[in-house]
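One structure is given here, and the rest of the page talks about it.
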Amino acid sequence: MTCRVRFAPSPTGYLHVGSARTALFNWLHARSTGGTYVLRIEDTDAERNRSELTDSLLAELEWLGLDWDEGPFYQSERRDRHREVVEDLLVRGLAYLCDADNHEVAGSTLVDGLAVRFRMPAAETVAFEDVVRGEVSFSSDDLEDFVIWRSNGSPMFLLANAVDDADMGITDAIRGEDLLSGVPKVLLLLDAIGSPRPTYAHLPLLVNERRKKLSKRRDDVSIGDYRARGYLPEAMVNYLALLGWGPPDDVEVRPLAEILELFRIGDVNKAAAFFDLKKLEHVNATHLRALERGEFLERVAPWVGDAAPWPTESFDPVKFSTMAGLVQEKLRTLGDMPRFVDFLFLEDPVDDPESWEKAMVKGVSAAEILDGAALAMADCPWEPQALIAAVSEVGESLGLKLGKVQAPIRVAVTGRTVGPPLFEAMAECMERGEVLRRIARARARL
RNA sequence: GCCCCCAUCGUCCAGCGGCCUAGGACGCCUGCCUUUCACGCAGGUAACACGGGUUCGAAUCCCGUUGGGGGUGCCA
């Protein structure tokens with residue numbers, strides 16, 4: 001039998017990294033087993049029933065490449081069906097009306113202003129086999145009668161969730177562990193309406209450095225923010241797959257298509273996983289480096305366009321693409337690009353105090369180096385090897401190796417100690433006059 | 001409080017009773033390469049929470065302790 005899974009987010013206006021991981025695992029499970037992946041928006045709460053809140057959610061899922069087969073279905077549009085189930089439960093005495101003080105009110109039909117609670121059976125053990133956790137069981141005695149229908153005439157999450165899973169023929173419910181303790185209630189509900197129970201798989205939570213569930217207040221949880229900072233969707237999805245799961249061959253950085261081949265929902269871990277930005281950066285940098293030149297240029301384009309820290313009109317795409325090849329392997333995110341090339345498009349290089357301190361103040365013989373370089377570079381051929389030779393000569397006369405001599409020149413020309421290969425950048429993308437002007441400018445500031 | 005879940009290097013993942021003197025990755029440190037940074041290469045650092053069992057044999061199974069987390073709404 002082929003499976004049917006669903007990703008059922010509540011619209012919050014953005015896609016949470018934890019939700020993205022859940023969506024990914026559902027997608028992987030469906031795609032690797034030939035199943036069907038359903039998208040359902042759980043917006044039973046009126047507050048969340050606003051289209052702009054779901055638009056970004058869908059856009060981010062698409063960005064990640066997690067396409068769905070059916071939906072999106074909106075829970076808010078299924079209210080009549082939910083009402084029908086609640087009324088049936090009421091008639092059968094499995095649920096009862098209750099007022100704001102939680103007092104039972106007699107009656108077997110819905111009444112405006114009254115909520116409905118599911119009647120918890122006594123002394124019943126509710127057990128199920130979780131695909132990642134094994135057997136989990138609860139006693140109904142520890143559970144309260146819970147609200148399934150609000151006094152304002154809308155269904156509660158647990159009811160809508162159970163009914164929709166049943167109606168949509170969901171066979172595998174894959175979701176976060178924070179929903180684990182709600183399972184017995186859903187199971188009882190499912191039993192009450194005579195629907196088969198789906199198989200559950202509760203994924204370990206994603207936590208922060210303090211081992212707490214990722215929260216939007218303290219942590220960077222929005223997929224959209226990572227996107228804006230220059231993370232690639234393939235890297236994001238790759239890293240997310242590594243939280244709670246690992247490939248059997250230990251090859252961690254790889255395309256989604258390969259992960260799809262190796263993924264087994266039953267291999268997922270039970271323990272919570274720390275969302276490690278350092279590792280995400282590593283995965284991203286690796287994917288970035290693997291991009292072909294043309295592809296890379298297309299992907300960074302947004303970061304060197306209107307949002308870039310230089311006047312749009314001074315941008316030179318030819319210089320940029322020449323330089324891009326030299327810095328592609330140095331980036332961790334696409335967002336790193338501007339600071340590697342800004343010196344080419346700014347009137348004067350940025351003034352990075354730390355770099356200045358390091359190369360001009362603490363560095364040895366900055367003045368002599370700049371003077372010597374200005375002289376040597378004034379008439380040598382304008383090509384990398386000639387520049388290296390000229391500068392090396394200056395260095396020799398001062399007893400310094402190339403690595404040391406280039407530092408003040410780099411800071412004078414680019415503003416920073418970190419950047420693309422200096423001599424290539426100067427020879428291929430800058431005019432002699434401009435380079436000399438910047439060296440003189442820096443010399444004057446010493 | 002009550003219920004549920006979890007527990008291998010700082011972090012993520014491997015290990016599913018003997019192949020473990022516990023493996024890989026990120027991070028960190030050292031060296032090499034070197035026009036900075038990065039990449040690459042060669043090394044290094046570092047873990048089975050604790051206590052009882054079961055077994056010829058336990059990181060692997062069971063129980064307890066401790067620690068951590070989640071849930072406990074007319075939110076989802």
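Chain naming here is simple, since letters A, B, ... match the order of the sequence lines and numbering starts at 1 in each.
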Between side-chain atoms of residues 267-277 of chain A and protein atoms elsewhere (two or more places apart, or another chain), which donor-acceptor pairs fall under 3.5 Å?
{"from": "Asp276(A)", "atom 1": "OD1", "to": "Lys278(A)", "atom 2": "N", "distance (Å)": "3.1"}

Output a table of donor-acceptor pairs, distance under 3.5 Å, between side-chain atoms of residues 174-190 of chain A and any protein atom two or more places apart or on a different chain; print 'none' if there are none.
{"from": "Arg175(A)", "atom 1": "NE", "to": "His202(A)", "atom 2": "NE2", "distance (Å)": "3.1"}
{"from": "Arg175(A)", "atom 1": "NH2", "to": "Leu179(A)", "atom 2": "O", "distance (Å)": "3.4"}
{"from": "Arg175(A)", "atom 1": "NH2", "to": "His202(A)", "atom 2": "NE2", "distance (Å)": "3.4"}
{"from": "Glu177(A)", "atom 1": "OE2", "to": "Arg133(A)", "atom 2": "NH1", "distance (Å)": "2.8"}
{"from": "Glu177(A)", "atom 1": "OE2", "to": "Arg133(A)", "atom 2": "NH2", "distance (Å)": "3.4"}

Could you go through residues 243-259 of chain A and list every donor-acceptor pair under 3.5 Å that involves a side-chain atom there, pairing it with any protein atom two or more places apart or in another chain?
{"from": "Asp249(A)", "atom 1": "OD1", "to": "Val251(A)", "atom 2": "N", "distance (Å)": "3.1"}
{"from": "Asp249(A)", "atom 1": "OD1", "to": "Arg254(A)", "atom 2": "NH1", "distance (Å)": "2.8"}
{"from": "Asp249(A)", "atom 1": "OD2", "to": "Arg254(A)", "atom 2": "NH1", "distance (Å)": "3.2"}
{"from": "Asp249(A)", "atom 1": "OD2", "to": "Arg254(A)", "atom 2": "NH2", "distance (Å)": "3.0"}
{"from": "Glu252(A)", "atom 1": "OE1", "to": "Lys279(A)", "atom 2": "NZ", "distance (Å)": "2.9"}
{"from": "Glu252(A)", "atom 1": "OE2", "to": "Lys279(A)", "atom 2": "NZ", "distance (Å)": "3.3"}
{"from": "Arg254(A)", "atom 1": "NE", "to": "Glu258(A)", "atom 2": "OE1", "distance (Å)": "2.9"}
{"from": "Arg254(A)", "atom 1": "NH1", "to": "Val251(A)", "atom 2": "O", "distance (Å)": "3.0"}
{"from": "Arg254(A)", "atom 1": "NH2", "to": "Glu258(A)", "atom 2": "OE1", "distance (Å)": "3.1"}

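For residues 376-404 of chain A, no residue pair satisfies the side chain to side chain donor-acceptor pair (under 3.5 Å) rule, not counting sequence neighbours.
The structure places OG of Ser19(A) at 11.0 Å from CG of Asn26(A), a figure rounded to the nearest 0.5 Å. Taking NE2 from His16(A) and CG from Leu206(A), the interatomic distance works out to 8.0 Å, rounded to the nearest 0.5 Å.
Annotation: rA47(B) and rG27(B) have their C1' atoms spaced 15 Å apart (nearest Å). The separation of rU8(B) from rU35(B), taken at their P atoms, amounts to 45 Å, rounded to a whole angstrom. The separation of rA22(B) from rA76(B), taken at their C1' atoms, amounts to 42 Å, rounded to a whole angstrom. Annotation: rG51(B) and rA59(B) have their P atoms spaced 13 Å apart (nearest Å).
Going from atom CG of Asp178(A) over to atom P of rC75(B) covers 18 Å, rounded to whole Å. Rounded to an integer number of Å, the gap from Leu158(A) CG to rC74(B) P is 11 Å. A straight line from CG of Asn161(A) to C1' of rC75(B) spans 13 Å, rounded to a whole angstrom. Atom CD in Glu209(A) sits about 15 Å away from atom C1' in rG68(B), given to the nearest Å. Remark: P of rC3(B) and CG of Leu187(A) are 20 Å apart, rounded to the nearest angstrom. Rounded to an integer number of Å, the gap from Asp99(A) CG to rC74(B) C1' is 12 Å. If you take CH2 of Trp149(A) and P of rA76(B), they are 12 Å apart, rounded to a whole angstrom. Between the C1' atom of rU72(B) and the CZ atom of Phe157(A) lies a distance of 14 Å, rounded to the nearest Å.
The partner of rG67(B), taking Watson-Crick or G-U wobble pairs whose two distances both stay under 3.5 Å, is rC6(B). Across all strands shown, rG1(B) forms a Watson-Crick or G-U wobble pair, both distances under 3.5 Å, with rU72(B). Under the Watson-Crick or G-U wobble criterion, with both distances below 3.5 Å, rU54(B) is left unpaired in every strand shown. In this entry rU35(B) has no Watson-Crick or G-U wobble partner, no candidate having both defining distances under 3.5 Å. With a 3.5 Å ceiling on both atom-pair distances, the Watson-Crick or G-U wobble partner of rG43(B) is rC29(B). Using N1 to N3 plus N6-O4 or O6-N4 for Watson-Crick, or N1-O2 and O6-N3 for G-U wobble, each under 3.5 Å, rG23(B) pairs with rC13(B).
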Short heteroatom pairs, N/O only, protein and nucleotides 38-45 of chain B, under 3.5 Å:
{"from": "rA38(B)", "atom 1": "O2'", "to": "Glu329(A)", "atom 2": "O", "distance (Å)": "3.1"}
{"from": "rA38(B)", "atom 1": "N3", "to": "Glu329(A)", "atom 2": "OE2", "distance (Å)": "3.3"}

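A search for ring-ring contact (aromatic ring centres under 6.0 Å, His included) contacts involving Phe146(A) returns Phe118(A), not counting sequence neighbours. In this structure Asp191(A) satisfies the salt bridge (charged side-chain N to carboxylate O under 4.0 Å, His left out) test together with Arg197(A), sequence neighbours excluded. With sequence neighbours left out, the side-chain hydrogen bond (donor to acceptor under 3.5 Å, both in side chains) criterion links Trp27(A) to Asp67(A).
Cation-pi contact between Arg229(A) and Tyr226(A): present, with separation from the ring centre below 6.0 Å and deviation from the ring axis of at most 45°. Judged by the 6.0 Å and 45° rule, Arg78(A) forms no cation-pi pair with Tyr74(A).
Closest contact between the side chain of Arg150(A) and the listed nucleotides rC5(B), rC75(B), rG27(B) involves rC75(B).
Of all non-hydrogen atoms in Gln75(A) and His82(A), the two that sit nearest each other are O-CE1, 3.6 Å.
A sub-4.0 Å separation between OP1 or OP2 of rC74(B) and a side-chain N or O of Arg117(A) is present. Ser392(A) has no side-chain polar atom (N or O) that falls below the 4.0 Å cut-off from OP1 or OP2 of rU35(B). Checking the phosphate oxygens (OP1, OP2) of rG71(B), a side-chain nitrogen or oxygen of Lys213(A) falls inside 4.0 Å.
For rC74(B), its base sits under 3.5 Å from the side chain of Ser151(A) at one donor and acceptor pair at least.
Base contact: Ala100(A) has a heavy atom under 4.0 Å from a base atom. Using a 4.0 Å heavy-atom cutoff across all strands shown, Pro9(A) reaches no nucleic acid atom at all. Using a 4.0 Å heavy-atom criterion, one finds that Thr414(A) contacts no nucleic acid atom at all.
Of the two residues near RNA chain B, Leu179(A) and Leu422(A), the one whose nearest nucleotide lies more 5' is Leu422(A). Both Ile388(A) and Cys98(A) lie close to RNA chain B; mapped to their nearest nucleotides by heavy-atom distance, the more 5′-ward contact belongs to Ile388(A).
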*Base, backbone or nothing for each nucleotide of nucleotides 6-14 of chain B, written B, S, -, heavy atoms under 4.0 angstrom, 5' to 3'?*
SS---SBSS
